[in-house]
Amino acid sequence: MNASQVTHMSNKFILELMDNAEIINHAPISPQQKVDNFKTLWTQLDGWATKR
């Protein structure tokens with residue numbers, strides 16, 4: 001993976017995280033559910049971003 005591909009993956013990771021965090025933040029769920037959902041999202045995106 002070259003530097004350009006890594007940058008692209010990093011940017012895509014950040015954009016996906018921001019989009020999904022916005023959805024979680026505005027969902028009519030408890031603060032703890034928001035934390036749990038964000039942790040799950042982070043784990044899923046981290047796994048996706050580190051696959052080659």
Side-chain angles (χ1 to χ4, degrees):
M1 193 173 276
N2 66 34
S4 176
Q5 288 172 307
V6 171
T7 299
H8 174 74
M9 292 294 283
S10 296
N11 289 347
K12 184 151 178 52
F13 177 89
I14 291 165
L15 291 171
E16 287 288 327
L17 189 60
M18 289 190 321
D19 286 348
N20 285 282
E22 189 72 16
I23 292 166
I24 292 169
N25 192 40
H26 289 95
I29 55 179
S30 72
Q32 184 58 53
Q33 286 174 307
K34 289 180 183 186
V35 169
D36 293 343
N37 283 331
F38 188 81
K39 285 180 181 176
T40 300
L41 170 65
W42 181 266
T43 302
Q44 288 172 344
L45 285 177
D46 189 47
W48 167 79
T50 54
K51 283 183 191 166
R52 305 226 162 129

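No hydrogens, no waters, no symmetry mates; every other heavy atom, side chains included, goes into these values.
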message = Would you compute the distance between atom OG1 of T40 and atom CD1 of I24 and round it to the nearest 0.5 angstrom?
response = 8.0 Å
note = For residues 23-43, the salt bridge (Lys or Arg N to Asp or Glu O under 4.0 Å) pairs (sequence neighbours left out) are none
inquiry  = Test: salt bridge (Lys or Arg N to Asp or Glu O under 4.0 Å). Region: residues 9-32. Which pairs qualify, not counting sequence neighbours?
reply    = K12-E16
inquiry  = Which residues pass the side-chain contact (heavy atoms from CB on, under 4.5 Å) test with L17, not counting sequence neighbours?
reply    = F13, F38, L41, W42, L45
inquiry  = Tell me every residue that passes side-chain contact (heavy atoms from CB on, under 4.5 Å) with S30, counting only those two or more places apart in sequence or in another chain.
reply    = Q32, Q33
